[in-house]
> 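My questions all concern the structure below.
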Amino acid sequence: RNTYNPFQDDSPFSFTFNNSDGTFDFMRNFAQGFMGSHSRQPGQSLNTVITMTFKEAVYGCKKTISFVRKERCSQCNGTGMFSGNVCPSCRGTRLVNVRKTADISFKPGIDNGTVITLNGQGDYSIYGEPGDLNIKVEIEEDKYYTMENNNLHCSISISYLQALLGATVTFESLDNKKFDVKIPPCTSNGTVLRLSGLGASKKKKKGDLYLKINISMPTKVSSEEHKL
């Protein structure tokens, strides 16, 4: 499991919060003044999961997340009282639930199980700084591909005659590009061919694509094939 925050140089993502009303800046500024003489016990950290396809993980993608966190009530400025009465918005709790959204851009090659930490985006407490928002990345399995570091692995099926005599077969990559792959004569079942530079990009380094050869054996052999 890898844990990152957005201020690391090698962070695999960047993010933008969608709060055009400036609520986040106001609440942070207010919190700094309000908590001066109180214990700075942080609020609860929040945990959520974001799911992406294998292709999105390999080539990078942009995702929008939505979550609810506790913030200090803006109507009573976090005091719990309004015009001499209990605040009708927070009902005296000083905190209210606020739905937030954020756009997160993921760089190519992010790993399954990576945990992204957005500092200060969790729940506020009454007196302390807000907790963090932890986002776990879950990558859906692909039917054909797997990824190891920045290398991709896939299988390709050929006939036994193509394996015996050699052939050129067309292969379609994960990003729907077509390549001609040369199969050497007398290729054995399970042979792995390496295609340089066709893997995932990770930390500015391009990986390779490894093709495992699966030979399809016929159930019947023709007279012409017998002669071979």
Side-chain angles (χ1 to χ4, degrees), residues 1-35 40-80 82 87-143 147 174-175 200-202:
R1 154 176 160 162
N2 299 318
T3 303
Y4 297 91
N5 68 60
F7 306 106
Q8 292 175 281
D9 291 337
D10 62 346
S11 176
F13 73 102
S14 60
F15 73 99
T16 304
F17 274 91
N18 304 322
N19 38 304
S20 57
D21 59 355
T23 302
F24 176 69
D25 291 336
F26 164 78
M27 296 307 296
R28 289 300 293 265
N29 293 336
F30 172 74
Q32 292 172 356
F34 184 79
M35 296 184 301
R40 293 180 177 270
Q41 182 177 357
Q44 291 286 332
S45 290
L46 303 177
N47 299 296
T48 189
V49 174
I50 192 166
T51 302
M52 64 181 67
T53 65
F54 185 85
K55 186 174 181 179
E56 288 175 328
V58 170
Y59 296 111
C61 63
K62 184 176 181 179
K63 294 283 188 179
T64 299
I65 64 168
S66 178
F67 60 98
V68 176
R69 72 170 188 167
K70 293 185 182 299
E71 293 185 355
R72 289 192 179 84
C73 178
S74 59
Q75 185 167 356
C76 65
N77 289 333
T79 63
F82 184 75
C87 176
S89 180
C90 67
R91 298 182 180 180
T93 64
R94 306 183 187 181
L95 301 173
V96 292
N97 290 327
V98 178
R99 179 167 293 280
K100 313 290 286 187
T101 60
D103 295 328
I104 304 180
S105 296
F106 293 93
K107 296 178 182 178
I110 192 167
D111 293 318
N112 187 46
T114 295
V115 176
I116 295 167
T117 298
L118 302 185
N119 297 326
Q121 298 305 316
D123 284 341
Y124 272 80
S125 68
I126 296 177
Y127 302 116
E129 288 287 332
D132 300 329
L133 174 64
N134 300 312
I135 306 170
K136 183 178 180 180
V137 175
E138 291 188 353
I139 301 173
E140 298 173 350
E141 290 187 2
D142 188 82
K143 186 176 180 180
M147 180 167 60
L174 185 62
D175 56 350
S201 296
K202 189 177 294 187

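Only a predicted model underlies this, so the values are computations on that prediction, with no experimental measurement involved.
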> I need the minimum non-hydrogen distance between L46 and Q121, along with the two atoms involved.
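Between these two residues, the closest heavy atoms are CD1-O, 4.3 Å.
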> Taking the side chain as every heavy atom from C-beta outward, state whether F67 and K100 have any pair of such atoms under 4.5 Å apart.
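When only atoms from C-beta onward are counted, K100 and F67 do touch, with a gap below 4.5 Å.
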> Nearest 0.5 Å, what's the SG-CZ distance between C76 and R94?
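These two atoms lie 8.5 Å from each other.
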> For residues 115-124, which residue pairs pass the salt bridge (Lys or Arg N to Asp or Glu O under 4.0 Å) check, not counting sequence neighbours?
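Found none.
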> Do I50 and I116 have side chains that get closer than 4.5 Å, going by heavy atoms?
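I50 vs I116: side chains apart.
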> Decide yes or no for L174 and D142: does some side-chain heavy atom of the first lie under 4.5 Å from some side-chain heavy atom of the second?
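Yes - at least one pair of side-chain heavy atoms lies under 4.5 Å apart.
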> Just verifying a value: how many Å separate N119 CG and D132 CG, rounded to the nearest 0.5 Å?
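Here the interatomic distance stands at 4.5 Å.
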> NZ/K70 to OG/S125 distance, rounded to the nearest 0.5 angstrom?
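So the NZ of K70 and the OG of S125 are separated by 12.0 Å.
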> Would a distance-only check, ignoring hydrogens and angles, find a side-chain to backbone donor-acceptor pair under 3.5 Å from R69 to N97?
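The answer is no, because no donor-acceptor pair under 3.5 Å joins these two groups.
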> Given side chains that start at C-beta, do those of E138 and N112 come closer than 4.5 Å, heavy atoms only?
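They are in contact (side-chain heavy atoms under 4.5 Å apart), so the answer is yes.
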> Partners of N47 by side chain to side chain donor-acceptor pair (under 3.5 Å), sequence neighbours excluded?
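Side chain to side chain donor-acceptor pair (under 3.5 Å) check on N47 returns N134.
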> Among residues at least two apart in sequence or on other chains, which ones pass side chain to side chain contact (heavy atoms under 4.5 Å, CB included) with K62?
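Partners of K62 under the side chain to side chain contact (heavy atoms under 4.5 Å, CB included) test: D103, S105.
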> Not counting sequence neighbours, which residues clear side chain to side chain contact (heavy atoms under 4.5 Å, CB included) with S89? List them please.
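Once residues adjacent in sequence are excluded, the partners of S89 under the side chain to side chain contact (heavy atoms under 4.5 Å, CB included) criterion are C73, Q75, C87, V96.
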> With sequence neighbours left out, what residues match K63 under salt bridge (charged side-chain N to carboxylate O under 4.0 Å, His left out)?
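Result, salt bridge (charged side-chain N to carboxylate O under 4.0 Å, His left out) vs K63: E56.
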